[in-house]
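Order of the sequence lines fixes the chain letters, A, B, ..., with proteins taken first and strands second; residue numbering starts at 1 for each chain. Hydrogens, waters and symmetry mates play no part in the numbers below; they use all other heavy atoms, side chains included.
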There are 2 protein chains.
Amino acid sequence: MNMKDQNKQLEPTKSELEILQVLWELGPSTVRSVNDELLKQKDVNYTTTLKLMQIMADKGILQRDESQMKHIYSVAEDEQKTKAHLLDKFVDSMYKGSASKLVMQLIGNKNTSQQELQEIKELLKKLEE
Amino acid sequence: MNMKDQNKQLEPTKSELEILQVLWELGPSTVRSVNDELLKQKDVNYTTTLKLMQIMADKGILQRDESQMKHIYSVAEDEQKTKAHLLDKFVDSMYKGSASKLVMQLIGNKNTSQQELQEIKELLKKLEE
DNA sequence: TGTTTCGTACGAAATTTTTTCTACCTTTGA
DNA sequence: TCAAAGGTAGAAAAAATTTCGTACGAAACA
């Protein structure tokens, strides 16, 4: 029984990530709920979402409660852990692992508002204490 | 002649991003050089890299100088601009556009070293002035 | 001058990811 | 009770991405 086995996580594909995001927002949900939410963003068929979620359950990305007819899907791994992992990968591949380079980019980014910058600064200030 | 036409950028796929990263590092290069670099990371055929780079040139992600027999490929869009765009997309999709949430995650991330944190702090300090 | 080496082009195959079709089961309500 | 609505499953199709095979031209060199 190896600890790493649980940790090992397949990278989610693009559409899988979309579904994860919906589940992070809604919490454990039926396929119907997830699909309704996705429909707000794009045109997608119910069975497509169903299939995707089944695949994700197979991979272990999602878990499901089959005790009811309407299966309830939930995310297997902690949201923060998954995000941390994806962020880490992003920093690695885009900034050679340098988090400060990323922050620098963020600061220079026109799309990052003054308010955001203010919050980041306060965040760091708290960290100092 | 619409300004947006130049800006419109197709999202690079995973392998396309790998090639972009090599080109960012090496600067304008031949397929051979890029492939040699990729070989350090993974097993890949010369013609595969060639094909990918041709596709990228077709899409406008890369430009090439065909005046010599060995074509020289270079990245069409500025590195920082592309990275800013990808980072922006990442923040949007993963943190609902909140850059400070991302930084918070970064700070809590075990894989972010103390030294990195220090650098980030100094960065922010400079920004204050 | 051959022949070996290194380059590009292009089509097609292989793989991965996404979408759809169809069958069939369960619940609900007329 | 039976039809309609809503659910799952699985095979297969479609689309996107990645990889490879082959042809053929140019350069290097024995």
Side-chain angles (χ1 to χ4, degrees), chain A residues 8-23 26 28-76 82 86 89 93, chain B residues 8-23 26 28-76 82 86 89 93:
Chain A
K8 182 188 312 170
Q9 114 154 41
L10 291 308
E11 302 299 341
T13 67
K14 221 165 137 189
S15 349
E16 285 176 350
L17 190 55
E18 284 178 349
I19 287 177
L20 278 181
Q21 280 157 346
V22 171
L23 284 172
L26 301 186
S29 310
T30 61
V31 175
R32 176 66 59 195
S33 307
V34 172
N35 189 240
D36 284 350
E37 191 63 28
L38 286 178
L39 278 173
K40 295 178 185 170
Q41 313 166 17
K42 64 170 189 179
D43 193 38
V44 61
N45 244 310
Y46 175 85
T47 52
T48 300
T49 303
L50 168 66
K51 186 56 161 187
L52 228 17
M53 291 175 73
Q54 287 172 335
I55 290 172
M56 292 170 78
D58 280 353
K59 290 189 187 172
I61 298 178
L62 300 185
Q63 289 174 331
R64 70 176 170 187
D65 173 356
E66 308 184 10
S67 65
Q68 311 296 322
M69 180 191 177
K70 304 186 184 181
H71 298 176
I72 305 288
Y73 288 78
S74 54
V75 181
T82 301
L86 292 176
K89 242 195 47 185
S93 86
Chain B
K8 184 187 312 174
Q9 115 153 42
L10 291 308
E11 302 298 340
T13 67
K14 221 164 137 190
S15 353
E16 285 176 351
L17 190 55
E18 284 178 351
I19 287 177
L20 277 182
Q21 279 157 347
V22 170
L23 284 173
L26 301 186
S29 310
T30 62
V31 176
R32 177 66 59 195
S33 307
V34 172
N35 190 242
D36 283 350
E37 192 63 28
L38 286 179
L39 278 173
K40 295 178 186 172
Q41 313 166 18
K42 64 171 190 179
D43 192 40
V44 60
N45 242 310
Y46 175 86
T47 50
T48 300
T49 303
L50 168 65
K51 184 60 162 187
L52 230 16
M53 290 175 73
Q54 286 173 336
I55 290 173
M56 291 170 79
D58 279 353
K59 290 189 187 173
I61 299 178
L62 300 185
Q63 288 174 331
R64 70 176 171 189
D65 173 356
E66 310 183 10
S67 66
Q68 310 297 321
M69 181 192 175
K70 305 186 184 183
H71 298 176
I72 305 288
Y73 288 78
S74 53
V75 181
T82 300
L86 293 175
K89 241 194 49 184
S93 86

**OP:** Give a yes or no answer on whether the side chain of A/Glu16 reaches the backbone of A/Met56 with a donor-acceptor pair at less than 3.5 Å.
**Re:** no

Original post:
From the list C/dA9, D/dA9, D/dT17, which nucleotide is the closest neighbour of the side chain of A/Gln54?
Top reply: D/dA9

**OP:** Consider the side chain of B/Tyr46, meaning its heavy atoms from C-beta on, and name the nucleotide among C/dT18, C/dA9, C/dG7 that approaches it most closely.
**Re:** C/dG7

**OP:** Whole angstrom is fine here: how far is it from CG in B/Leu52 over to P in D/dT19?
**Re:** 7 Å

Subject >> Distance in Å, B/Asp36 CG paired with B/Thr30 OG1, rounded so as to fall on 0.5 Å steps >> reply: 7.5 Å

**OP:** Round to the nearest Å and state the distance from B/Glu16 atom CD to D/dT17 atom C1'.
**Re:** 9 Å

Original post:
With distance as the sole test, does B/Glu18 use its side chain to make a donor-acceptor pair with the main-chain N or O of B/Leu38 at under 3.5 Å?
Top reply: no

Original post:
Can a side chain N or O of A/Thr13 be found less than 4.0 Å away from OP1 or OP2 on C/dT18?
Top reply: yes

Subject >> CD (A/Gln68) with more than 12 external heavy atoms under 6.0 Å >> reply: no

Subject >> Separation of atom CG in B/Leu17 from atom P in D/dT17, rounded to whole Å >> reply: 13 Å

**OP:** Could you check which of D/dA9, C/dT18, D/dT22 has an atom nearest any side-chain atom of B/Thr47?
**Re:** D/dT22

Original post:
For the pair made of CG in A/Asn45 and C1' in D/dA15, what is the distance, rounded to whole Å?
Top reply: 15 Å

Original post:
Nearest to the side chain of B/Thr48, which nucleotide is it out of D/dG7, D/dA9, D/dC20?
Top reply: D/dC20

Original post:
Roughly how many Å is it from CD in B/Gln68 to C1' in C/dC6, rounded to a whole number?
Top reply: 15 Å

**OP:** Mind checking the NZ-CD1 spacing from B/Lys14 to B/Ile19? Nearest 0.5 Å is all I need.
**Re:** 14.0 Å

**OP:** Could you tell me the separation between the NZ atom of B/Lys51 and the P atom of C/dA14, rounded to a whole number of Å?
**Re:** 16 Å

**OP:** Evaluate whether atom NZ of A/Lys70 has more than 12 neighbouring non-hydrogen atoms of other residues, nucleotides or ligands under 6.0 angstrom away.
**Re:** no

Original post:
How many Å lie between CE on A/Met53 and C1' on C/dT19, as a whole number?
Top reply: 16 Å

Original post:
Tell me, for nucleotides 24-30 of chain D in 5' to 3' order, what letter each nucleotide earns: B for a base near a protein heavy atom under 4.0 Å, S for only sugar-phosphate near one, - for neither?
Top reply: -B-S---

Original post:
From B/Ile61 CD1 over to B/Thr13 OG1, what is the distance, rounded to the nearest 0.5 angstrom?
Top reply: 7.5 Å

Original post:
Once you round it to whole Å, what is the distance between P of D/dA5 and NZ of A/Lys70?
Top reply: 15 Å

Original post:
Can you list every side chain to side chain donor-acceptor pair (under 3.5 Å) pair that touches residues 46-56 of chain A, not counting sequence neighbours?
Top reply: A/Asn35-A/Thr49

Subject >> Closest-nucleotide 5' rank along DNA chain C - winner of A/Asp43 and B/His71 >> reply: B/His71

Subject >> Contact list for DNA chain C against residues 28-42 of chain A - heavy-atom distance below 4.0 Å >> reply: none

Original post:
Rounded to the nearest 0.5 Å, how far apart are CG of A/Leu26 and OG of A/Ser74?
Top reply: 12.5 Å

Subject >> Distance test, side-chain N/O of B/Arg64 to OP1/OP2 of C/dG7, below 4.0 Å >> reply: no

**OP:** Using a cut-off of 6.0 Å, state whether more than 12 heavy atoms not belonging to A/Asp58 lie near its atom CG.
**Re:** yes

